[in-house]
Every structure is written in structure tokens, then in C-alpha cells.
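Worksheet: the structure to be examined is printed underneath.
Indexing begins at 1, ligand by ligand and atom by atom, following the structure's order. From a predicted model like this one, the values you see are computed outputs, not experimental measurements.
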Amino acid sequence: MTAQAQKPETLALHAGWRADPSTGSVAVPIYQTTSYQFDSTERAANLFALKELGNIYTRIGNPTNDALEKRIAALEGGVAALALASGQAASAFALQNLARAGDNVVSSTDLYGGTWNLFANTLKDQGIEIRFVDPADPENFRRATDGRTRAYYAETLPNPKLAVFPIAEVAAIGRPLGVPLIIDNTAAPIIARPFDHGAAIVVYSATKYLGGHGNSIGGVIVDGGNFDWEKLPERQPALNAPDPSYHGVIWTEAVKPLGPVAYIVKARTTLLRDLGAAISPFNAFLILQGIDTLALRIDRHVANAAAVAAYLVKRPEVARVIHPSQQSGVQRQRADKYLGGKYGGLVGFELAGGREAGRRFIDSLKLFYHVANIGDARSLAIHPATTTHSQLSNEDQVKSGVSDGYVRLSVGLEHIDDILADLDQALNAAGGGLAVAAE
Ligand code: PLP
């Protein structure tokens, strides 16, 4: 059976690693080393010249990290991956790899707050303009495109809105123009397959479901190997013009013998080399460990979240439940098309009692942790308006779907009865719904 034909459950346990070549270790060892002995000066020169691939220095590559990269590339259906120190580093590198000062990227407005800050401020300060557009109409991406647009960017299942992004529609707009679609698939690993729908690059915060146990920050960029970077060379100068940072190399030409991996090789050999957001091998090990059970965990997250959404709908304190199961029309069609009926582990809801009820609800939780994270095996809750999205202006909060009474749940793997019992007592404490309903 070829790796291609294997199912995610199998790839998650086997892809990219069999046993340690020197010891036979089945578990991927933590190669806690900074550097690697070169067999000869010729070998060292070849490694630096990219004539041979191999280990040089852990900032640029490490065997533990390599196993993680291969596993995620296989799981995602891509050709290669780059593991990084965080999801933020993955999002930043994914764009910086293509866009330079004076260039622009068209991005969905529906983004994680940290990505929004990165795009609206830090990348802007670096001269990269991010043009935010409403993904409800995919044509907004075409309208915002000009000759200096280097990429489109979006999240598959963006929280807090949980409105699934039209991946195929936007990828199809970009491809004839030479503009790749980069998808942050953090909230929907295994469930959504962005490459199958035309995305060119996938990024992850591995901190979330991939690691799955709330113990390690990490990020990954996956190259789909499915985008023709050379078709319109003037559209992608970073990959088609000589790069002075590597002896004037033209990445699309130089990397050809290795396969369709110009994008990811450039990211490693220039951005990771220069900016240094390397993941620690220890974190890579823990994330690999998490991926072993990813498929099982995702199914349980999905089932528990669906049960929570169905429960919240019935509560009088809750004004609105945000979960794909509660959507209709085109939003629901997109959720069904891209998530295949598995709507993820996140549930949002608005308390009728607004900000004050939100505060009481969060403070009353006993089982749910009140933390700024998602995708942990444990159930988590947060009030985005005062935390994750607090650095956004009120207007930008509204654009990204955050209202005063909005609470976000990342539903964990506990028994559903215990999850619902905790929500029940916290909603009773939050109150406010009946009074509002009677107004
Ligand atoms: N992308 C999404 C969708 C996220 O939710 C997050 C973090 O919450 C990130 C990216 C950033 O990842 P990290 O915290 O690993 O830097």
C-alpha cells in the first residue's frame, strides 16, 4: 500500500518515520543538538550549496523536526513542510516568502486576532500591504487584486464567526492570475483538505489540535506542490528573479531537481535562516506525539461540540449560537462542502445579558479552563472582546465577528454529560436571559 493511498488515521501514526537509522528506536528521538558533524569538507560545501540535502544546524533543520514536517506534509496531501516556532511565525513566513515591501496580499477579514495584528500592523510596517476583504463574496478577492498582489490568505474555519471560507471559489480566482491561496487550517485538521480544493499553501498553528494537549507552541507551513510558480514569473518575483541572499539563485530553477518544492525550500533557506523562528526538537516531539491520536481526538471534539451547540440553542440565556450546524444558506453549504458534516470543535454563543453576563459565565466555569487557546484535549472558554481580540478597534472587532456578549468554547474530550453539567451551572449563574426575553 503506497503512502498516497493510506488514510489519515494511518498516516498520522506512520508517515515520514519508520525507525531511527542508528538505534532502531520506533518513537522519534528528540535530537537535542545544535549542529552536525560533516563527514568531509566536500560534504559540508555541498550541503551549504544545496547540492545535497542534510543536516547543517538546528536553526535550519533537525531530524526530529524533519519527521514532524514529513508527517504533516503527508497528512495534508502536500509535498513538503516547514515546522516553525509558532503559528504566528508560520503565517508571517508564508506571506514574507512571496511579498516584499511595496507588494500586497488580499486577506479575508475573518481571522484570528493575532493574525489580524500581524497583518494590519507588523507586515504593514514592513511595507507589505494587507487588503482585507469580506469572504462572503469570493469576487471581493478579484476586485482587490492588482499587479503587486502576491497571495490570497484566509482561515478554513475562522473563529469567532465559524463561517467556512470558500476555498475552491477563491483559489479558482487566483490561479489564472498566478496568485496562490494560502489557507490557515488550524481549526480543521483532517476534516478540511484545502489542497483538494485548490489551495496552494496550508499553514497551521500546531499549538492547537495537532499537538492537542496544550503543552507546546509550534507552527507549520505545508507546500501543496500544486502551484505553477513559473507560469506568470512577473507575478512571483521572489521565486523567479535572482535572490541576492543566496548567490543570485532563482528558486524555481535551482530547486527543480528536488521536485515542486521551490516555495518551501526558499522559506527554510532564507527566512528561517535569517529570522530564526525555529521550533525546538522537544516541541516537535510533543506535537508528533499529539498527531498519533489526532484522528480519534478530532472525531470526539466534533461530536462533543455538536452536542454543546444543540444544548445551547435551548437555553434562554443564550441569544445566538454560532456553530455551522446552526447556519443556513450559502454558509451552511460551504460548511458541508469543506468540512463534510464534521463541524469542528469550536462553538460560539452570545449571551443575552451582554458583557456582564459573559463575565459571570466565565467566572462560574469549573470544568472549562478560562484560557487563550483552542484545540486542547480539555474544554476551554474565553471572552474574546476583553482578551484575544481586545487589541482590535471596536470596528475591527465587529468585522471579525466579536460582540460584547460573545463567548467562545473550545469543546474538549471529557464526557459530554460533564461538559453540559458545567455549562448548565455557569449559565444559571450568568442569568439574564429570561429578563431580556421578557423585555
Ligand atoms: N492561526 C489560528 C487560527 C490561531 O487560532 C492561532 C492562535 O490562536 C494562530 C494562528 C497563531 O498560532 P500560535 O499561537 O501557535 O502562534
Side-chain angles (χ1 to χ4, degrees), residues 65 68 72 76 81-96 105 107-123 130 135 153-165 167 182-192 194 199 201-222 272 275-280 283-284 286-287 290-291 298 301 305 322 338-339 344-348 369-376 380-384 387-392 400-402 406 408-411:
N65 302 355
L68 174 65
I72 293 180
E76 201 58 42
L82 178 64
L84 293 164
S86 66
Q88 284 297 105
S91 307
F93 278 24
L95 297 191
Q96 289 169 320
V105 169
S107 170
S108 166
T109 45
D110 298 355
L111 293 176
Y112 159 62
T115 310
W116 184 285
N117 280 328
L118 166 71
F119 287 6
N121 301 298
T122 300
L123 289 183
I130 310 292
Y153 189 98
E155 293 178 14
T156 308
L157 179 61
N159 83 73
K161 277 190 200 167
L162 303 181
V164 171
F165 183 78
I167 301 175
I182 300 171
I183 287 285
D184 179 340
N185 202 39
T186 297
I190 294 198
I191 303 172
I201 304 295
V202 166
V203 299
Y204 277 104
S205 165
T207 315
K208 318 297 181 195
Y209 292 99
L210 295 182
H213 295 80
N215 56 29
S216 309
I217 303 280
V220 186
I221 306 177
V222 191
L272 186 53
L275 298 175
I279 188 169
S280 129
N283 278 17
L286 289 170
I287 293 165
I291 292 174
I298 285 289
H301 282 296
I322 297 106
Y338 296 109
L339 306 183
L346 304 176
V347 181
Y369 283 86
H370 176 204
V371 296
N373 195 21
I374 58 169
D376 193 316
L380 317 174
I382 201 154
H383 182 232
T387 55
T388 51
H389 288 63
S390 60
Q391 282 136 49
L392 273 61
S400 67
V402 172
Y406 186 99
R408 184 193 70 208
L409 305 178
S410 173
V411 182

Measure the spacing between OG1 of Thr186 and CG of Leu210 and express it to the nearest 0.5 Å.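 These two atoms lie 7.5 Å from each other.
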
Distance (rounded to the nearest 0.5 Å) between His301 NE2 and Ile191 CD1: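 Between atom NE2 of His301 and atom CD1 of Ile191 there are 9.5 Å.
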
Grab the two heavy atoms, one from Pro160 and one from Ile322, that are nearest each other, plus how far apart they are.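 Taking Pro160 first and Ile322 second, the nearest heavy atoms are O-CG2, 3.7 Å.
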
Flag for Asn185-Tyr204: side-chain donor and acceptor within less than 3.5 Å: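 Result is yes, a qualifying pair exists.
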
Can Ser108 and Asp110 be counted as having a side-chain donor-acceptor contact under 3.5 angstrom?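 No, because no side-chain N or O of Ser108 sits under 3.5 Å from a partner of the opposite role on Asp110.
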
Sub-3.5 Å pairs, protein N or O with ligand 1 N or O:
{"residue": "ligand 1", "atom": "1 (N)", "partner": "Asp184", "partner atom": "OD2", "Å": "2.7"}
{"residue": "ligand 1", "atom": "8 (O)", "partner": "Lys208", "partner atom": "NZ", "Å": "2.8"}
{"residue": "ligand 1", "atom": "12 (O)", "partner": "Ser205", "partner atom": "OG", "Å": "3.0"}
{"residue": "ligand 1", "atom": "15 (O)", "partner": "Gly87", "partner atom": "N", "Å": "2.9"}
{"residue": "ligand 1", "atom": "15 (O)", "partner": "Ser205", "partner atom": "OG", "Å": "2.8"}
{"residue": "ligand 1", "atom": "15 (O)", "partner": "Thr207", "partner atom": "OG1", "Å": "2.6"}
{"residue": "ligand 1", "atom": "16 (O)", "partner": "Gly87", "partner atom": "N", "Å": "3.1"}
{"residue": "ligand 1", "atom": "16 (O)", "partner": "Gln88", "partner atom": "N", "Å": "2.9"}

If we check side-chain contact (heavy atoms from CB on, under 4.5 Å) with Leu272, which of these qualifies: Ile221, Leu84, Ile279?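 Result for side-chain contact (heavy atoms from CB on, under 4.5 Å) with Leu272: Leu84.
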
